[in-house]
Amino acid sequence: METLAVIDFETTGLYPQYGDRATEIAVMLVRNGHIVDRFQSLMNAGVRINGFITSLTGITNDMVRAARPASRVMREVADFVGATPLVAHNATFDRRFWDAELDRIGCTRRQDFACSMLIARRVLPDAPDHKLSTLVSFAGLPVIGDYHRAEADAEMAAHLVLYLTEQLMERFHLNEVPHALLARIQKTPKYQLQRCVEGYRRAGI
DNA sequence: TGCCAGGCCCTCTTTAGGGCCTT
């Protein structure tokens, strides 16, 4: 069965194009319904963290100053992930930081991102909202560690991805939900999930 | 110092605008 890499960044802000940098990254590799491997590291990009971010994440300037250089961490995590398809919660955010940090070390992304938030909007349309914390509670998944730390958020996002794939397998009698189907689901109109899966099945999975 | 995006969804829509979601 296919392996997926569920990723989460903590950063100094929302906008890599305006100088914001990654401060922590975590990746969960999931396969056959389980987390089978993981990567986590703080990283020192040589930038200051403001008080708002420290209060949100618990990550301080001292913690980042003591961490390994961002360039070394990014090389390690890029090797760890390889060409494994990526998933993140609100993937446009993590994709922009993944691409920006890879670009700084002269690398380019080798795979597509799928977005657990867009998939959850289609699979769990009745959830109160589609924040990661709300979905973890709504689906009855375990709360692990502190929200807004990379390893905890990546692990909870990984459990959410596994839950969403289980829901899809049950609802549509699928043996597996490959990344290509997740990518297709996240782009389908919100209330056409069944038509999307049936079309994918007819195409020959 | 405060601000900055982008793809999606909904509706008081489609010649648009605002909210969601991520740090």
Side-chain angles (χ1 to χ4, degrees), chain A residues 5-28 40-61 63-64 67 70 73-74 77 86-104 109 111-139 141 143-161 163-164 179 181-193 195-196:
Chain A
V6 183
I7 186 173
D8 187 77
F9 275 108
E10 303 305 318
T11 71
T12 62
L14 296 173
Y15 310 104
Q17 61 272 51
Y18 292 102
D20 287 326
R21 296 294 305 275
T23 56
E24 187 179 38
I25 187 168
V27 182
M28 301 287 147
Q40 179 276 333
S41 183
L42 289 161
M43 63 177 91
N44 183 0
V47 294
R48 281 196 62 77
I49 301 170
N50 67 38
F52 170 75
I53 294 295
T54 293
S55 66
L56 179 71
T57 65
I59 297 172
T60 66
N61 282 298
M63 290 165 67
V64 168
V73 172
M74 286 305 300
V77 72
L86 287 159
V87 185
H89 199 70
N90 194 21
T92 56
F93 171 84
D94 292 277
R95 187 183 63 221
R96 285 187 291 118
F97 275 94
W98 179 258
D99 289 350
E101 294 293 346
L102 283 186
D103 185 61
R104 288 176 177 273
R109 177 161 50 90
Q111 64 278 82
D112 288 331
F113 264 86
C115 176
S116 55
M117 182 188 74
L118 294 180
I119 296 161
R121 281 179 176 170
R122 288 150 178 81
V123 177
L124 304 173
D126 297 329
D129 60 54
H130 295 87
K131 294 181 178 73
L132 178 61
S133 57
T134 303
L135 291 167
V136 165
S137 173
F138 182 78
L141 301 173
V143 176
I144 299 158
D146 297 320
Y147 281 109
H148 298 300
R149 284 301 301 267
E151 186 167 17
D153 282 4
E155 187 164 351
M156 287 187 279
H159 285 297
L160 174 63
V161 170
Y163 178 82
L164 293 170
H179 190 271
L181 179 53
L182 293 177
R184 183 168 174 147
I185 287 170
Q186 72 180 10
K187 290 179 181 171
T188 202
K190 189 174 179 183
Y191 295 107
Q192 294 186 18
L193 178 59
R195 184 181 300 178
C196 169

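We use all heavy atoms of the structure for the numbers below, so side chains are in, but hydrogens, waters and symmetry mates are not. Throughout, a chain's letter reflects where its sequence line sits, starting with A, and its residues are numbered from 1.
Rounding to whole angstrom units, CZ of residue Phe93(A) and C1' of dC4(B) are separated by 14 Å. What separates NZ of Lys187(A) from P of dC9(B) is a distance of 12 Å, to the nearest Å. Put simply, OH on Tyr18(A) is 13 Å from C1' on dG2(B), counting in whole angstrom units. The separation between Tyr147(A) atom OH and dT23(B) atom P is 11 Å, rounded to whole Å. As rounded to whole Å, 13 Å separates atom P of dG6(B) from atom CZ of Phe97(A). Residue Leu135(A) contributes atom CG, which lies 9 Å from atom P of dT22(B) at whole-angstrom precision. Atom pair Asp129(A):CG and dC8(B):C1' shows a separation of 15 Å (rounding to whole Å applied). His130(A) has its NE2 atom 11 Å from the P atom of dT22(B), to the nearest Å.
Of all the heavy atoms in Ser41(A) and Val73(A), the pair that sits closest is OG-CG2, 3.6 Å. Counting all heavy atoms, side chain and backbone alike, Arg96(A) lies closest to Tyr15(A) at NH1-CA, 4.3 Å. The two atoms that bring Ala91(A) and Ala114(A) nearest to each other are CB-O, 3.5 Å, heavy atoms only.
Rounded to whole Å, the separation between the C1' atoms of dC4(B) and dT22(B) comes to 15 Å. On the C1' atoms, dC9(B) is 25 Å away from dC3(B), given to the nearest whole Å. Between the P atoms of dG2(B) and dC20(B), the separation comes to 23 Å (whole Å). Spacing between dC8(B) and dT13(B) at atom C1', rounded to whole Å, works out to 15 Å. With both ends at atom P, the span from dC12(B) to dG6(B) equals 28 Å, rounded to whole Å.
Under 4.0 angstrom from either OP1 or OP2 of dT23(B) there lies at least one side-chain N or O belonging to His148(A).
Nearer to the 5' terminus of DNA chain B, by closest-nucleotide assignment, is the contact made by Gln186(A) (compared with the other of His89(A) and Gln186(A)). For Leu118(A) and Gly13(A), each mapped to the nucleotide of DNA chain B holding its nearest heavy atom, the one lying further toward the 5' end belongs to Leu118(A).
Under the 3.5 Å distance criterion, the side-chain polar atoms of Glu151(A) are left unmatched by any main-chain donor or acceptor of Gln40(A).
Between the side chains of Asp20(A) and Thr11(A), no donor-acceptor pair is found at a separation under 3.5 Å.
The residue Phe9(A) sits close only to the backbone: its heavy atoms come under 4.0 Å of sugar-phosphate atoms, none of a base. Within the 4.0 angstrom heavy-atom criterion, no nucleotide atom of any strand lies near Asp20(A). Within 4.0 Å (heavy atoms only), Asp94(A) reaches no atom of the nucleic acid at all. Nucleic acid contact class of Thr92(A) (heavy atoms, under 4.0 Å, all strands): base. The residue Asp153(A) sits close only to the backbone: its heavy atoms come under 4.0 Å of sugar-phosphate atoms, none of a base. Residue-level contact check: Thr57(A) touches the backbone only, with heavy atoms under 4.0 Å from sugar-phosphate atoms and none from bases.
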- For Leu135(A) and His89(A), what are the C-alpha separation, side-chain angles and deciding distance, and is it a side-chain contact (heavy atoms from CB on, under 4.5 Å)? CA-CA 11 Å; Leu135(A) 291 167; His89(A) 199 70; 3.5 Å; yes

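Within 6.0 Å of the CG atom in Asp129(A), the count of heavy atoms belonging to other residues, nucleotides or ligands exceeds 12.
The shortest distance between side-chain heavy atoms of Arg149(A) and Ile59(A) falls below 4.5 Å. Considering only heavy atoms from C-beta on, Leu124(A) comes within 4.5 Å of Leu164(A) through its side chain.
Using a 4.0 Å cut-off on heavy atoms, the residues of residues 120-128 of chain A that approach DNA chain B are Arg121(A), Arg122(A), listed by number.
The side chain of Ile53(A) approaches dT23(B) more closely than any other nucleotide in the set dA5(B), dT23(B), dG7(B). When the nucleotides dC21(B), dT23(B), dC8(B) are ranked by their closest atom to the side chain of Glu10(A), dT23(B) comes out on top. Across dT23(B), dG6(B), dC4(B), the shortest atom-to-atom separation from the side chain of Leu14(A) is found for dT23(B).
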